[in-house]
Each structure stands twice: as C-alpha cells, then as structure tokens.
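Written out below as structure tokens is the structure these notes cover.
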There are 2 protein chains.
Amino acid sequence: MSGKKLSGAVERRSGVALWRQIADAIRQSIADGEFEGMMPGEIALAARFGVNRHTVRAAIAALVEEGLLDSVQGRGTLIRRQTRFTFPITRRTRFSEGLAGQSSSRDIRLVAEERIEADSMLASALGVELGVELLRLTLVSRADGTPVSTSINHFDAARFAGMAAAVRDTGSITRAYAELGVTDYIRLTTELTARLADERERLLLELKPGAVVMEARAVNATPDGAPIQYAVTCFAADRVTLKLDMPV
Amino acid sequence: MSGKKLSGAVERRSGVALWRQIADAIRQSIADGEFEGMMPGEIALAARFGVNRHTVRAAIAALVEEGLLDSVQGRGTLIRRQTRFTFPITRRTRFSEGLAGQSSSRDIRLVAEERIEADSMLASALGVELGVELLRLTLVSRADGTPVSTSINHFDAARFAGMAAAVRDTGSITRAYAELGVTDYIRLTTELTARLADERERLLLELKPGAVVMEARAVNATPDGAPIQYAVTCFAADRVTLKLDMPV
DNA sequence: CGAACTTGTCTAGTTAAATAGACAAATGGA
DNA sequence: TCCATTTGTCTATTTAACTAGACAAGTTCG
C-alpha cells in the first residue's frame, strides 16, 4: 500500500533483459496485491510495458517456471496462491517457534561441518582468543519443504564439540543446545543487509539468478550475556518478511 | 568472512547480462573485503569468470560509472574507498542520531505531500477509524549528500496538520514532532523485507537498475504506546547495514 | 632505454534478445 | 453453434550482447 503502481518502466540497455525486468515487476505487483486471481491479457501487459507481446510471454514463462503463474490456453493466466512467511526477530529468536503457526513442518538440515581458527572478527564476537579452534556449521532451514534460510554458524569447538551431531539428530538448534546443557539463550545483536544471492545461496535455497537475500549477522549468548554463537543467516527475501518486535 | 569466494559463477541465458552479473559479483567481493586497493587485471578476471576480456571490461565500465572503480591506462583499476553506513534500529530509532558519528551532514527532504483516506490496513496500524483523513509524506534521507533511504509516512491529518511544514523547516522528523508537541516517541514494530528497487526508488535514491533495497514497515507511537506514524522506509542495501540491538 | 606489464581501441563474426506479423488451438459466453 | 477472446506456435528480421584477435598507448621497474 506504499502507493506503488505497476508503472510501465522498463529500461533498455541496462544489462537486465526486458523480459526479466517485466517478470520482476509482475512478481512485485502480485506481492503488493495489485493483481488477484487472473492476470491481464498478454496484449494488455505488452501495451502497459511498451514492449512486444512475445517479450511479455517470456516474462510470464519465467514466472510459470517459478510456480507463481499458470497459463491456460483460451482462458488466461492465473495467479497461484503464494505464501510468505513472517519470521519474528526478537531477543528470543527460534527458527521453529517463529514459523510454527504458519507452516505444518519445519526442519533444519546440516550441510557442512568444518573446524577453523578464530580470526580477529570472530574472536571479538565470541569473546575468545585469536586462533582458538571454532566449529563452523552450515545449515539450511525449511518450512513446508521450502528453503527459507541458510546459515553459517560458529561455536567454540572445545565447548560445543558435539554440536554437529546434536543438530543432525534433533533437527533443531534449540534442542541441540539443550543436549549440550544450554537450556536457554538470547540474541545479543543483529546486523542486517540485503543483496543479490550468490551461487552457493542460490543452490542451497533453490533460488533463480537475480533473487534477493537478506543477510543477518547475529550473536547469540547465554542469558547472562556470554556469547556462544556467531551466525550469518541468509533469508530468501521473496519467501519471508522479518518482523522486529520492539518490547515496550 | 562467511566463507564466500568470488566463484566464477555466471549464468548464461538467465535474463541478466554477463557483464552485469560480473559487476554485481565484483561489487559484492569488494564489500566483503576480498579485493583491496587494486583490482586483478582484466585478463585474470576474464579467466576467473570464464568470459571474454571485453565482457569484463563492460562490467568494470559500469562500476567506474558508479564511482566504485577507477581505471588508469597502464597502471590498472583502482578500488575507490567506499563507506557503508550502519543504521541502528531500536525502540528509539532516529535517522539523524543513528548516522551522527558516521557522517558529517544529514538531512531529510520532503518530496511529496498528499492527503488520503485510511484503508483498513492503515486504520488498524494507526488505531483510527476507516476513512479518516491521513497525511502522507514522502521523504528522502541523505548522509554526506548520499541518499540513504526514502520513506512514505502516514499521520492522522487532524492531529498532525502542520507536519509537512515542520519537516520542511526543521529537516528532521524528531524536531518536527517536537514543534507539534510530541517530545518523545518510540518504535512499536518493524517488518523487514528486501527486493529489487523499483523505478520510483531508483530515481529518489539515485540507484542503478538491479540495485537492492531493504523495505522496513514500522509503526511509531507516543511513549504510552498510542500509534502516531506508519512508515514504509526503503534503504539502499549497498549503502547501509541495519543494526538491530536487542535490549537485555 | 627497453622489457613486461597494464588499459584503450578497433574490426569482424557469433549468439541471444526483442520486434513484427500471421495463424492455430482452446475457452467461455451469447 | 458461432463468435470474441485468450494463449500457443511458427517464420522472419533487427538489435544488443558476447567472443575473438590484433595492436596502440600508457605505466612501472630493472
């Protein structure tokens, strides 16, 4: 409702093909609720964007491929129901709890496990000495089978040696912590930015080129404020809205 | 430090020209601190991305145009110093205060002023009746002359009739509020997402096509929790990192 | 200076994107 | 059933993007 219109604004020679610009604009318009149920006809859309009908068809074909639209000869192009998760970020952020009411299944999968030495940045974030051995876990979180986020997590290797196995067994960070004796934890700080998804993220999150991710760098700590986890989480921007609740 | 590498991953037939994909990858690599001072030579970059040298040159030309790089014949391509602002989002979020230590000048400019009727979404966010007259102000915030964010703000028109003039005069939301008798305000909630910038945002924020914005939808209130402002703010993702401090 | 590197410019050819128009095939309603 | 409207498919042409190679022009350093 921010006053946006589907302005027929496509730029030529911008390095982004017209059909992709149009696909992006249609996707956003649907997200904004401008279109519902049925799309306008291809000829109408072509006129609106000031391009040939075949160019619009290429855009629609891409969105059909994405699963957002469904074209039926003789009828028109239908808009498929799209769900967008709302993920709360608070002092007590938990992946599974956050999406509990919005999805029927959640799971966290371990995709990589490494041991590295703390550089200056990690050392200060986790409050350990430079060069201390750290455990680095790469995870992918899904809701209803759809990848929502992927994260790279750092822990003190000495204290959390069994973390990888615990995450694999429980499918949950919170439960893995519990197995290792951490019954509660809080989030100290979160830094957010957004950018285009890189190759690794596109693979893990099953995204198309040109997709946008939100990157959150967070420090988790025990309730007394001692850091235990440094996490860089990438959310698929078109699948999730981050909700920051400010406690009054 | 999230383990990213400048993997030579460019996708053909993706609707995004190779030179633009490469420009995006280089921009991100510089932001990640992978390159400093001088870029590798064009021939090395071409080999890395698996494309022709002329394609790399097109990418570099775009980044030179952006002001991020500077090519010198015979010497090479220099990386220009780039500053990224860190913008804190807390219960007491203030634009000018947030960037005070990072920039020598801040200003907020009023670019549009409208009166609209509250739809159901705005009415519930602001706690007013459906159809109540609202003031809609479009603002652009700059730091050191660089556009950082643009916002669309809604206020109860009856209570904040002089808001537009106050913002124009003071160049600050906080001071404008003060002129209208609101000495303090807090942020109730913030919803974040990210996407490609649309035409309007590219114009206001002086962005290139393909640039990413973070969209924050926030409700501000008086200290007792009564909503007074509904704001949709778009941040230029490559110019700012949002920092969410979780109060312990 | 001169060798070894860099970016800048040129021509030529290939591949992908976009335009243009015509017509087929399916749908839904009068 | 007939007709208007929709998406689907085809051919042809133009324009932009990419590749390939050669060479000029500027910088650095021994």
Side-chain angles (χ1 to χ4, degrees), chain A residues 8-26 30 35-80 196 208-210, chain B residues 8-26 30 35-80 196 208-210:
Chain A
V10 283
E11 291 199 28
R12 284 155 203 268
R13 268 170 259 202
S14 66
V16 183
L18 296 181
W19 64 265
R20 177 149 286 283
Q21 293 184 55
I22 292 167
D24 291 338
I26 290 174
I30 292 173
F35 297 140
E36 275 173 43
M38 212 79 162
M39 287 294 293
E42 294 171 350
I43 298 162
L45 284 173
R48 197 158 180 177
F49 285 106
V51 299
N52 191 272
R53 181 183 152 226
H54 293 87
T55 309
V56 167
R57 281 180 59 74
I60 290 173
L63 294 171
V64 167
E65 169 75 14
E66 261 180 50
L68 182 61
L69 297 179
D70 196 9
S71 288
V72 182
Q73 187 173 148
R75 278 196 52 163
T77 302
L78 298 103
I79 299 168
R80 287 210 192 160
L196 296 174
K208 304 278 165 188
Chain B
V10 283
E11 291 201 26
R12 298 171 128 91
R13 268 166 262 204
S14 66
V16 183
L18 295 182
W19 65 265
R20 177 150 286 284
Q21 293 184 54
I22 292 167
D24 292 338
I26 291 174
I30 292 173
F35 296 140
E36 275 173 43
M38 211 80 162
M39 287 293 293
E42 295 172 350
I43 298 161
L45 286 172
R48 197 157 180 177
F49 286 106
V51 299
N52 191 272
R53 182 182 152 226
H54 293 86
T55 309
V56 167
R57 281 180 60 73
I60 290 174
L63 294 171
V64 168
E65 169 74 16
E66 261 180 49
L68 181 60
L69 298 179
D70 196 8
S71 288
V72 182
Q73 188 173 148
R75 272 186 51 121
T77 302
L78 298 105
I79 299 168
R80 288 208 190 164
L196 296 174
K208 304 279 163 187

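These numbers come from the heavy atoms of this one structure, side chains and all, not from hydrogens, waters or symmetry mates. Lettering of chains follows the sequences in order, A, B, ..., and the numbering in each one begins at 1.
- Taking 3.5 Å as the limit, the base of D/dG21 and the side chain of B/His54 contain a donor-acceptor pair of atoms between them.
- With rounding to whole Å, A/Asp70 atom CG is found 13 Å from C/dT27 atom P.
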Could you go through the side-chain contact (heavy atoms from CB on, under 4.5 Å) check for B/Gln21 and B/Leu18 one step at a time? CA-CA 5 Å; B/Gln21 293 184 54; B/Leu18 295 182; 4.0 Å; yes

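- The heavy-atom pair separating B/Trp19 from B/Ala59 by the smallest distance is O-CB, 3.2 Å.
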Before you tell me yes or no, could you show the steps for A/Val51 and A/Arg12 under side-chain contact (heavy atoms from CB on, under 4.5 Å), namely the whole-Å CA-CA distance, both residues' side-chain angles and the distance that decides it to 0.1 Å? CA-CA 11 Å; A/Val51 299; A/Arg12 284 155 203 268; 4.0 Å; yes

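- We find that CD of A/Glu42 is positioned 14 Å from C1' of C/dA25, with the value rounded to whole Å.
- Proximity of A/Arg12 to the phosphate of D/dA16: no side-chain N or O atom is located under 4.0 Å from OP1 or OP2.
- Between B/Thr55 and D/dA17 there is no side-chain N or O to OP1 or OP2 distance below 4.0 Å.
- Along DNA chain C, the nucleotide closest to A/Val72 and the one closest to B/Gly74 are compared, and the more 5′ of them pairs with B/Gly74.
- Rounding to the nearest 0.5 Å gives a distance of 7.5 Å between CG of B/Leu63 and CE of B/Met39.
- Comparing C/dA18, C/dA22, C/dA17 against the side chain of A/Arg53 picks out C/dA22 as the nearest.
- B/Glu42 places no side-chain N or O within donor-acceptor distance of the main-chain N or O of B/Val56, the cut-off being under 3.5 Å.
- As a whole-Å value, the separation of B/Phe49 CZ from D/dT19 C1' is 17 Å.
- Ranked by how close their nearest DNA chain C nucleotide is to the 5' end, A/Gln73 and A/Val51 are led by A/Val51.
- Using a 4.0 Å heavy-atom distance criterion, B/Arg57 is classed as a base contact.
- When rounded to the nearest whole Å, the span between CE of A/Met38 and C1' of D/dT5 equals 11 Å.
- Closest of all the heavy-atom pairs between A/Leu45 and A/Pro40 is CD1-O, 3.7 Å.
- Nearest to the side-chain atoms of B/Ser71 among the listed nucleotides D/dC10, D/dG8, C/dG8 stands C/dG8.
- Atoms CG (B/Leu78) and C1' (C/dT7) sit 12 Å apart, rounded to a whole Å.
- Once rounded to the nearest 0.5 Å, the distance linking CG of B/Leu69 with CD1 of B/Ile79 reads 6.5 Å.
- Comparing C/dT19, D/dT19, C/dG8 by their closest approach to the side chain of A/Asn52 singles out C/dT19.
- Between the CD1 atom of A/Ile43 and the P atom of D/dA4 there is a distance of 15 Å, rounded to whole Å.
- Recorded end-axis angle for the helix from C/dC1-D/dG30 to C/dA30-D/dT1 stands at 30°, based on five pairs per end and rounded to 10 degrees.
- At the phosphate of D/dT6, neither OP1 nor OP2 sits under 4.0 Å from any side-chain N or O atom of A/Thr77.
- Look at A/Arg75 and you won't find any side-chain N or O under 4.0 angstrom from OP1 or OP2 of D/dA4.
- As rounded to whole Å, 12 Å separates atom P of D/dA20 from atom CG of B/Leu18.
- Atoms CD (B/Glu11) and P (D/dC18) sit 14 Å apart, rounded to a whole Å.
- The CG atom of A/Leu196 sits 6.5 Å away from the CG atom of B/Leu196 when rounded to the nearest 0.5 Å.
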